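Below you'll find the structure, written out as structure tokens, and then a few comments.
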Amino acid sequence: MFSEDLPLRARLFNIIVGICLILCAFATVATFVQAASFFARAATAVTLAVMVLLVFWPNMTGYYRFGSFVLLTFVCDIMFPVIFFSTNGLGSGIMMYMLLGSIITFLLLDGMDCIVMIAIYLAVVLTCIYLSYARPGLVVPFDNRVTVYTDNAYTMVFSSVAVGLIIKFQNKVYIDARRRAEEASAAKADFLSNMSHEMRTPMNAIIGMTAIGHAAADVERKDYAFSKIEAASSHLLGVINDILDMSKIEAGKLELSYEEFDFENMLQRVAGVINFRAEEKNQNFTMHIDSDIPRALISDDQRLAQVITNLLSNAVKFTPEHGNIKLNARLVGTGASGCSICVEVVDDGIGISPEQQLLLFVSFQQAENSTSRKFGGTGLGLAISKRIVEMMGGEIWVESELGRGSTFAFTVTCRYGGANGSLDTVAPDDAAPGESVREEYSFDGAHILVAEDVEINREIVSAILEPSKLEIDYAENGTEAVRIFGESPNRYALIFMDVQMPEMDGYEATRRIRAMSYPRAKAVPIIAMTANVFREDIERCLACGMDDHIGKPLDFDEVLNKLRQYMRRPTEPS
């Protein structure tokens with residue numbers, strides 16, 4: 001009845017049913033005490049049984065609207081005539097009962113539902129009043145004046161108490177809702193303040209270091225500025241990704257993409273990034289992987305890496321120089337189709353008090369307000385990690401004391417890959433990014449078409465693809481992309497297609513290319529290259545005829561991997 005998991009109307013319904021149940025019980029007793037007719041006794045008994053049913057049935061099924069119709073039909077359209085004709089008609093307290101029935105109708109229904117039920121109720125009331133004058137013998141009179149006064153008294157008391165309880169309950173609900181809204185507003189105001197700081201700080205570094213690099217005369221100074229710009233850009237991208245992930249979680253659109261991956265390799269990649277940050281603070285980072293964990297697993301390795309990276313990043317952030325950070329992964333359960341893994345991140349940093357631990361996994365919160373000012377952070381990483389871990393069938397928790405470090409741990413369930421986790425089907429991933437990989441990706445003489453309306457983005461694509469030795473033609477909008485491809489369809493081995501462009505967007509351009517009569521139009525790989533990175537955006541790209549998707553900002557290795565995967569040289573001359 002008072003559960004906040006139920007909507008307001010459902011909670012009101014439960015309270016009103018409880019009140020009506022009491023009133024029906026009194027009415028049923030009254031019909032027997034006053035020796036009412038068999039019809040009156042049967043009607044009140046049936047109504048009482050229906051009230052008992054309504055106490056349980058809508059709460060189990062969720063059909064509160066239909067339950068409201070049933071409740072109002074019995075209370076207003078059946079019980080009113082029964083009480084009216086069996087208890088002295090207008091001479092009793094029936095008008096207070098009519099008022100109560102009207103209030104209940106307005107509370108439980110709105111719109112046309114309310115109008116229809118009130119109209120039926122008024123028709124029943126007016127019919128009863130008319131019949132009481134046209135055929136007085138239908139009304140059972142009371143000779144005892146005390147009984148009439150008693151009926152009026154208890155009807156007024158019960159109606160008043162019922163209305164008072166309902167009004168008080170509604171006020172409490174609205175007050176609680178306003179308090180929660182104010183708390184949420186305050187939390188989001190603090191969050192926006194933190195976000196402003198988190199986004200403006202790297203932007204200030206990017207703008208400032210750009211100016212420094214531009215003015216610098218020596219190469220070392222320029223390289224220093226570029227390294228700071230790169231670090232600030234990565235931090236800013238992380239903030240943006242956190243905000244987007246939390247938006248997807250609140251909209252219920254965060255989904256996992258299950259693929260086979262090498263678990264140990266994934267941990268090594270994460271550790272490689274974190275170890276660089278730890279070395280900057282002279283921290284000692286160690287990692288231990290249980291040998292019983294299968295190498296080949298099936299799960300969303302990117303999301304899993306996101307959780308581990310977030311925990312390790314926090315450990316580095318909150319651990320002082322020369323501190324220790326450990327990453328442990330161990331097998332905690334096995335089954336016929338999968339296994340459970342526990343990952344722990346242990347540090348000897350500042351620690352967290354029990355009170356602060358309650359806020360760790362709450363959106364838009366950090367352990368304390370001063371944390372964001374001193375160490376930075378969005379206050380979203382752990383909330384996002386908690387949701388991801390729960391979607392993977394696990395749980396996340398923290399063990400910590402102030403001044404004694406922290407242990408963040410979580411469990412996930414993964415399916416076996418390959419032959420019960422053997423590494424036979426997992427592709428090797430040992431090449432160092434940006435070195436031997438770049439040499440492997442050489443497409444000397446091949447042509448691709450890039451549809452991109454923003455000039456600086458075209459320059460970035462040119463710089464990224466320069467080592468590949470590709471010949472690149474550019475289109476500044478979808479219309480131009482369709483025209484250029486139509487003039488030489490066999491020239492292009494691949495098309496990178498932006499989505500949001502003037503004149504014609506990438507979706508329509510792709511559809512028109514696929515609709516061309518040239519055989520190459522059906523076969524040429526078209527890859528979205530866009531900042532629209534939600535799953536529904538990717539699905540829309542695939543639905544219009546694209547083969548794959550790359551998100552902006554562009555990653556060198558991802559772009560070249562897509563080229564290797566999809567590049568096919570044309571078999572016919574242009």
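We count residues from 1, following the sequence as given. Given the structure is predicted, the values throughout are model-derived calculations rather than measurements.
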Q.
For a side-chain contact (heavy atoms from CB on, under 4.5 Å) check, start with the C-alpha distance between I212 and R221, then their side-chain angles and the critical distance, and finish with the verdict.
A. CA-CA 8 Å; I212 292 172; R221 185 67 170 166; 3.7 Å; yes
Can you check whether [X] reaches [Y] side chain to side chain, under 4.5 Å on heavy atoms?
X    : Y    : answer
L554 : M529 : yes
L360 : F408 : yes
N284 : I325 : no
S340 : L331 : no
L449 : F496 : no
I527 : M497 : no
I388 : I396 : no
E260 : D301 : no

Any side-chain to backbone donor/acceptor pair from [X] onto [Y]? Under 3.5 Å, distance only.
X    : Y    : value
E259 : S299 : no
D347 : S406 : yes
S400 : G351 : no
Q500 : D505 : no
T319 : V316 : no
R458 : E476 : no
Y416 : G335 : yes

Taking atom types as modelled, is there a side-chain donor on [X] or [Y] under 3.5 Å from an acceptor on the other?
X    : Y    : answer
Q306 : N310 : no
D348 : N324 : yes
D300 : S257 : no

- prompt: Which is it for F261 and I298 under the side-chain contact (heavy atoms from CB on, under 4.5 Å) test, yes or no, and what are the steps along the way?
  reply: CA-CA 6 Å; F261 69 100; I298 297 176; over 6 Å; no
message = Here's one to test your reading of the geometry: is the NZ or CZ of R295 within 45 degrees of the ring axis of F263 and under 6.0 Å from its centre?
response = no
Practice task
Decide if atom CD of E455 counts as having more than 12 heavy atoms of other residues, nucleotides or ligands within a radius under 6.0 Å.
Solution key: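 No, CD of E455 has 12 or fewer neighbouring heavy atoms, counting only those of other groups under 6.0 Å.
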Could you tell me whether Y474 atom OH has more than 12 heavy atoms of other residues or ligands within 6.0 Å of it?
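Yes.
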Salt bridge (Lys or Arg N to Asp or Glu O under 4.0 Å) partners for [X], two or more places apart:
X    : value
K326 : none
E480 : none
D547 : R514

Look up atom [atom1] in [X] and atom [atom2] in [Y], then write down how far apart they are to the nearest 0.5 Å.
X    : Y    : atom1 : atom2 : result
Q565 : L494 : CD    : CG    : 10.5 Å
I308 : S385 : CD1   : OG    : 10.0 Å
W397 : E344 : CH2   : CD    : 7.0 Å
I550 : K562 : CD1   : NZ    : 6.0 Å
L465 : I460 : CG    : CD1   : 11.5 Å
Q268 : N275 : CD    : CG    : 10.0 Å

Indicate yes or no: does [X] engage [Y] in a salt bridge with an N to O separation below 4.0 Å.
X    : Y    : value
E264 : R269 : no
R511 : E508 : yes
E390 : K386 : yes

Over all heavy atoms of both residues, which pair between [X] and [Y] is shortest? Give the atoms and the distance, please.
X    : Y    : value
V270 : A305 : CG2-CB, 3.7 Å
M501 : G478 : CE-N, 3.6 Å
A475 : I484 : CB-CD1, 4.0 Å
H214 : K222 : O-NZ, 3.8 Å
D537 : Y507 : O-OH, 4.5 Å
A493 : M567 : CB-SD, 3.2 Å

### Task
Would you please test M504 and V482 for side-chain contact (heavy atoms from CB on, under 4.5 Å) and show each step?
CA-CA 10 Å; M504 182 188 296; V482 173; 4.0 Å; yes
key: Derivation of the salt bridge (charged side-chain N to carboxylate O under 4.0 Å, His left out) call for D498 and K552   = CA-CA 10 Å; D498 188 19; K552 295 178 182 176; 3.6 Å; yes
message: Test side-chain contact (heavy atoms from CB on, under 4.5 Å) on M392 and T413; report intermediate values, then the result.
response: CA-CA 6 Å; M392 292 182 173; T413 300; over 6 Å; no
Sorted by chain and residue number, the side-chain contact (heavy atoms from CB on, under 4.5 Å) partners of E466 (sequence neighbours excluded) come out as none
For H447, all residues meeting side-chain hydrogen bond (donor to acceptor under 3.5 Å, both in side chains), sequence neighbours excluded
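Partners of H447 by the side-chain hydrogen bond (donor to acceptor under 3.5 Å, both in side chains) criterion, ordered by chain and then number, come out as R491.
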Applying side-chain hydrogen bond (donor to acceptor under 3.5 Å, both in side chains) to T411 and not counting sequence neighbours gives none
